[in-house]
2 protein chains.
Amino acid sequence: MGRTCEVRLLEVLRTKSREGTERREEELKVRGGGTESEARLLSARKKRYLFTSQNESELIDHAGLDSVVYIRIYLLGLKIFVPIALLAFTVLLPVNYTDRNFDILITKVEDLTFSQIDKFSISNVPSGSKRLFVHIFMAYVFTFWTCYMLYREYKIVTDMRLHFLATEKRRPDQFTVLVRNIPPDVDESVSEYVEHFFRVNHPDQYLLHQVVYNANKLAKIVTQKKDLRNRLVYYSNKYERRPNRRPTTKAGFWGLWGKTIDAIDYYSAEIEKLSNKEVEERERVIGDPKAVVPAAFVSFKSRWGAAVCAQTQQTRNPTHWITDWAPEPRDVYWDNLSMPFMELNIRRVLMAGAFIGLTFFFMIPIAFVQTLANIESIEKVVPFLKPIIDGGTMKPIIQGFLPGIVLKIFLILLPMILMEMSKIEGYFTISTLESRAAGKFHLFLLVNVFLGSIVTGTVLQQIQVFLKESPSEIPKIASVAIPMKATFFITYIMVDGWAGIAAEILKVVPLIIFHLKNIFLVKTEIDREEATDQGSLLWATYEPRMQLYFLLGLVYSTVTPILLPFIIVFFAFAYLVFRHQVINVYDQKYESAASYWPDVHRRIIIGLMISQILLLGLLSTKQALHSTPFMLVLPVLTFLFHRYCKSRFESAFRKFPLQDAMIKDTLENAREPHLNLRTYLRGAYIHPVFKGLELDTSMDVYEDDNPVVATTRRSHKGSSGELSSILVV
Amino acid sequence: MGRTCEVRLLEVLRTKSREGTERREEELKVRGGGTESEARLLSARKKRYLFTSQNESELIDHAGLDSVVYIRIYLLGLKIFVPIALLAFTVLLPVNYTDRNFDILITKVEDLTFSQIDKFSISNVPSGSKRLFVHIFMAYVFTFWTCYMLYREYKIVTDMRLHFLATEKRRPDQFTVLVRNIPPDVDESVSEYVEHFFRVNHPDQYLLHQVVYNANKLAKIVTQKKDLRNRLVYYSNKYERRPNRRPTTKAGFWGLWGKTIDAIDYYSAEIEKLSNKEVEERERVIGDPKAVVPAAFVSFKSRWGAAVCAQTQQTRNPTHWITDWAPEPRDVYWDNLSMPFMELNIRRVLMAGAFIGLTFFFMIPIAFVQTLANIESIEKVVPFLKPIIDGGTMKPIIQGFLPGIVLKIFLILLPMILMEMSKIEGYFTISTLESRAAGKFHLFLLVNVFLGSIVTGTVLQQIQVFLKESPSEIPKIASVAIPMKATFFITYIMVDGWAGIAAEILKVVPLIIFHLKNIFLVKTEIDREEATDQGSLLWATYEPRMQLYFLLGLVYSTVTPILLPFIIVFFAFAYLVFRHQVINVYDQKYESAASYWPDVHRRIIIGLMISQILLLGLLSTKQALHSTPFMLVLPVLTFLFHRYCKSRFESAFRKFPLQDAMIKDTLENAREPHLNLRTYLRGAYIHPVFKGLELDTSMDVYEDDNPVVATTRRSHKGSSGELSSILVV
């Protein structure tokens with residue numbers, strides 16, 4: 001060991017130069033720490049400073065990497081679409097506008113009318129025109145530019161993530177692995193079994209572990225108690241203000257009816273009762289082996305040990321002893337930790353079915369919106385509304401905004417449903433739950449908002465179109481409608497995008513909710529503080545919506561470039577607003593170090609490929625069949641680009657390299673040779689309900705340094721079958 | 001460490017009972033070992049014994065797990081198809097035969113003729129008949145049975161593999177990891193860099209490493225020299241037999257022309273020259289740092305260490321320091337070890353394109369075969385052949401066998417081309433090369449033999465069918481043709497399947513080649529020995545072909561069950577023949593411990609899903625549209641079954657669990673505490689060209705126990721950028 005230390009120190013010396021600056025920063029921070037009020041003042045100053053400065057690393061310190069990278073997505077939108085718009089306006093608009101497809105058409109069919117926007121779109125170029133090659137060329141240029149920007153951004157975000165992980169302070173999750181699906185053992189408790197298993201299979205690295213309790217019932221009691229205590233405080237305050245009258249309440253439901261009783265006495269008694277119940281339940285949870293779920297947080301002596309355990313398979317049966325990096329303590333979704341492997345699979349299959357059902361049955365209201373958008377059909381159906389609609393300025397408003405608004409109300413409710421579905425699927429971190437919900441929402445928007453708006457009709461008609469038509473016909477059908485839908489989507493961008501961001505900065509919905517709460521529910525200071533909670537970034541709602549604008553921008557970049565400025569305004573506006581929100585409003589719920597970036601990248605690539613296939617369909621309807629090979633190459637190249645990016649960058653978001661772990665371990669050993677990791681890690685992964693109560697957690701952490709744990713395994717003389725069944729699994 | 005030993009020994013005790021029997025076997029083997037001739041006699045006796053007995057474990061000892069599991073695939077075919085055939089004959093045949101679709105048709109159209117086979121097929125059931133529900137029900141039963149057998153077999157093979165790996169003797173690859181894409185370093189050689197990297201990042205486990213030389217040129221010289229030496233031996237023998245005449249040869253190409261010279265002197269001189277050249281080249285390879293490719297075999301102190309390194313990511317850049325389990329030394333394909341990451345990607349993309357091209361252009365001859373199969377069209381085109389064809393027994397022979405034979409000749413050449421394509425793709429083990437070639441061949445057979453025989457026409461027509469028709473039309477088009485093609489496929493099974501196996505047992509082709517060689521090329525005993533090489537199992541040829549019979553059996557099980565006995569005869573015959581070949585003929589080239597099983601499983605599942613989709617198409621043409629939902633569920637369920645099997649079993653074929661590694665390590669430590677692994681592993685992964693020459697390999701293995709290797713890295717004062725670039729990569 002002594003000799004290898006030399007080698008390690010050599011390595012440390014080699015990394016020193018790189019780490020030097022970071023260490024200096026850390027030291028500065030330590031020196032700069034004063035009283036708490038000072039720190040608050042500093043942070044307030046910093047906030048103001050940040051909003052004006054461009055310093056990204058300070059922003060990361062303040063708001064976390066997740067938020068900073070989230071803002072970068074909007075910036076990426078600008079980086080992609082501003083050059084594309086400039087090129088499209090200088091090249092494509094003149095090409096489209098100077099052609100004369102509509103002139104011919106109008107002379108042919110008298111009553112056919114086109115809006116002014118169509119004059120600037122590809123529709124103005126007649127079939128079989130040589131000018132269509134300009135569009136193909138521009139499709140290549142736009143694809144190249146988008147891919148280049150995506151590659152650059154993936155590289156930057158990967159570097160940011162790796163740098164963030166390398167420089168972040170010591171955190172419990174760096175040393176910890178979450179083990180799930182621990183098989184049942186006849187002789188040993190879960191805790192003993194985990195201890196034995198890791199002492200044997202990771203002998204030099206295992207440090208301690210923490211079992212997971214199924215404390216859902218206890219958590220409920222604690223919440224109940226907190227509520228009652230709050231009421232008691234409220235009535236005590238009331239009594240203090242007017243000592244001559246003891247406050248009263250009613251014994252029935254929510255204090256609304258029943259016998260009138262003394263409030264302070266009543267609530268004191270109730271709290272007393274609940275406290276007893278809580279102690280009882282807590283003892284039951286700790287004492288009952290059935291309350292321990294077959295999952296545990298296992299901590300190691302070094303980051304290297306944790307990295308090894310998280311990336312390797314433990315036993316022959318891959319459905320037992322599943323190891324993953326432990327999430328940050330705040331990121332754990334405790335309710336889902338106990339699910340067995342088979343149940344997880346079945347749940348996921350069922351939820352996939354439910355999601356497909358949801359996606360297709362939501363189409364009915366969307367189709368209804370589509371018919372509303374055509375105001376003439378309303379007038380036909382409900383003729384008595386005709387004078388109201390026609391009279392005055394109502395008609396354009398209804399025609400323009402109604403489809404967007406009705407859609408919007410649906411879409412506000414949807415993310416919550418999708419989040420619940422993801423919870424049923426059994427993911428155990430909040431970040432995964434959000435990313436799964438975002439994935440579902442993205443697919444939903446793609447099918448229902450984008451395709452649903454283009455291929456109109458009833459649900460069954462749409463499904464029939466996709467089944468009955470040949471694969472080469474579907475893009476044609478969709479693409480013919482695309483130039484015609486430009487006006488609709490411009491309206492949609494304004495109603496959903498612009499207005500949505502305006503609502504976000506004004507925080508309209510939270511404001512209304514806050515005032516409602518303030519009037520009806522707030523009783524004490526604690527309540528008011530809770531009601532003023534500013535919330536956090538709703539990733540699962542915002543990211544898929546933003547992806548829709550990427551998709552629209554990419555699809556219309558070659559077809560109707562006049563739509564691009566609306567997209568650019570959206571991205572610029574959103575960038576400013578969310579930057580402000582992230583700095584001044586949101587509280588960070590958890591930090592995943594931008595682990596969502598591969599999803600963002602993939603979805604933009606999907607948008608790009610959809611745009612290419614739709615252009616291919618559009619060109620083939622324009623009798624430009626000789627262009628098909630050129631256009632077929634494009635999605636293939638895009639897909640290969642995606643594969644390359646995946647193999648090059650994605651592992652940085654999924655795995656933790658051993659070299660990085662080793663460097664961090666060695667540096668820490670050199671700086672703090674006498675660090676007691678055991679005390680640092682003890683209690684890091686305790687269910688929040690125990691943490692709140694400051695429970696003595698030593699009962700499930702083996703503190704003594706004696707690694708031999710007395711086995712409770714009975715000696716099965718002659719019963720080798722049972723023994724081997726434990727080992728073979 | 002002392003304390004953890006106790007725990008480990010506890011674990012050992014727990015495993016003892018299981019391992020006990022195995023150890024006893026090993027001991028028996030050690031005791032049983034006598035002289036070499038005795039061993040040979042024993043093995044000969046064992047061979048005869050094996051062919052009659054059913055003992056699988058002895059067969060594994062003798063022929064390796066790969067071969068034994070390969071035979072099991074044929075057995076699996078029997079297990080799947082015998083019960084299916086019994087059920088189909090008792091249920092489906094009567095249902096089909098007692099219906100009267102053809103009676104109606106024949107009364108309608110007078111000149112329409114059907115073969116007797118069609119009376120037993122689904123074609124005999126008229127459209128819209130209620131009897132079709134029997135077919136749907138049977139499809140469910142057959143699917144369930146096939147999946148059940150597949151699941152059972154996957155479980156058995158997994159257990160066999162795990163047991164094989166757990167009980168196999170100490171082998172170098174258990175301790176070794178292959179590292180590829182070592183990034184270039186300005187200061188250190190590859191060997192030093194590898195040494196430093198693993199000493200730092202796997203400090204407790206690293207033992208030694210072996211760099212890989214690009215010795216392709218040297219290997220060529222060695223082969224040349226061997227050939228010359230062989231000729232010298234031949235002429236020396238000749239001279240000994242007739243000492244009065246010194247043998248002569250000609251100086252020109254292959255000794256065919258040129259000046260007549262003394263053969264013994266000439267070849268002695270040539271060998272002398274080549275030896276000098278070889279020494280020169282060997283020194284160049286060893287001395288020249290450019291001859292070292294950026295790959296190395298790194299060995300660890302324990303199996304646990306190797307398992308950890310193989311499964312984890314080493315550095316931030318996932319395209320550098322790629323670690324995989326080292327293949328068996330005989331399994332290494334040395335030429336491909338040096339390929340950089342980007343080049344690999346580009347090669348694979350190009351080969352994918354080439355393969356698609358090959359698949360579609362091979363369709364031209366296949367289509368030609370299809371027109372040949374229709375003898376009437378030949379008579380029309382070449383009327384003067386009519387008397388020959390019609391006269392006598394020629395007509396059925398041509399009609400029946402010609403398509404099969406022409407196809408066969410193409411298919412014999414194809415696997416070699418596909419193997420070369422896989423080599424270009426850059427895989428570095430022979431087993432992977434074979435599995436990749438098999439995958440390509442399987443796709444090729446699927447598209448060209450199966451689909452190509454069903455959807456006849458020119459290449460372009462076929463592609464147009466797939467592009468122009470709707471997704472729901474394609475299975476309809478294919479499935480209408482399926483009952484009609486039953487006769488063709490029965491012929492194909494007999495010509496390709498039965499006759500192919502007969503040729504295999506007779507070894508017709510090798511026999512011809514051997515006699516040709518014996519006459520023209522064999523000059524010495526060494527030559528004759530080489531010519532009598534019995535070869536090994538041609539996995540890449542046989543497995544995809546067998547998959548075609550699985551596919552045919554599954555497709556026709558519900559459509560024309562009369563085909564099933566032909567399939568069963570094929571599997572039974574093949575089982576007997578290959579069992580014999582494996583025991584008595586083949587030499588095993590390498591042992592992959594049945595790592596190919598996930599491929600076999602996946603391909604049978606693909607066949608099952610194709611059969612379901614084709615039946616769905618067939619039923620929808622029979623106006624049984626109400627049955628569509630029932631039939632749509634079936635492929636979805638099959639796919640879910642496949643996903644489940646994958647998650648449950650596949651990791652056993654890809655990863656090596658830490659628990660198994662630890663058990664083996666602990667047992668070995670207990671049995672042989674003083675084992676010197678360093679001497680055992682040294683030279684295990686030396687390029688065969690050095691091995692043949694008994695090169696002193698210590699020059700690239702650090703033998704001393706001092707782990708500090710003097711770094712040749714210059715101290716870059718102030719040049720921190722370069723330093724960090726090494727670390728950041």
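Every chain is numbered from 1 and lettered A, B, ... according to where its sequence line falls, protein lines coming before strand lines. Everything numeric here is computed off the predicted structure, so don't read it as measured data.
- B:Trp321 and B:Phe197 have parallel rings, their planes meeting at less than 30° on a 0 to 90° scale where 60° marks the start of perpendicular.
- Proximity of B:Met662 to B:Ser302: side-chain heavy atoms (C-beta onward) are nowhere separated by under 4.5 Å.
- Chain A is approached within less than 4.5 Å, heavy atom to heavy atom, by B:Leu640, B:Tyr644 from residues 635-644 of chain B, ordered by number.
- Within a 6.0 Å radius of NZ in A:Lys301, more than 12 heavy atoms belonging to other residues, nucleotides or ligands are found.
- With a 4.5 Å cut-off on non-hydrogen atoms, B:Thr312 touches chain A through its backbone and its side chain both.
- Annotation: B:His202 is not in aromatic contact with B:Tyr206 [ring centroid separation under 6.0 Å not met].
- A salt bridge is absent between B:Arg303 and B:Asp660; no separation between the charged side-chain nitrogens and carboxylate oxygens falls under 4.0 Å.
- Of all the listed residues (A:Val349, A:Thr319, A:Leu162), the one sharing the greatest number of non-hydrogen pairs under 4.5 Å with chain B is A:Leu162.
- Proximity to chain A involves both the backbone and the side chain of B:Val308, based on heavy atoms less than 4.5 angstrom apart.
- Between the side chain of B:Asn181 and the backbone N or O of B:Ile322, no donor-acceptor pair lies under 3.5 Å.
- For B:Leu632, the side chain to side chain contact (heavy atoms under 4.5 Å, CB included) partners two or more places apart in sequence, or in a different chain, are B:Leu616, B:Thr628.
- Heavy-atom distances place both the backbone and the side chain of B:Ser647 under 4.5 Å from chain A.
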message: Let's go through A:Ile182 and A:Val194 carefully: what are the C-alpha distance in whole Å and the side-chain angles of both, what is the deciding distance for side chain to side chain contact (heavy atoms under 4.5 Å, CB included) to 0.1 Å, and is it a yes or a no?
response: CA-CA 8 Å; A:Ile182 300 163; A:Val194 169; 3.4 Å; yes
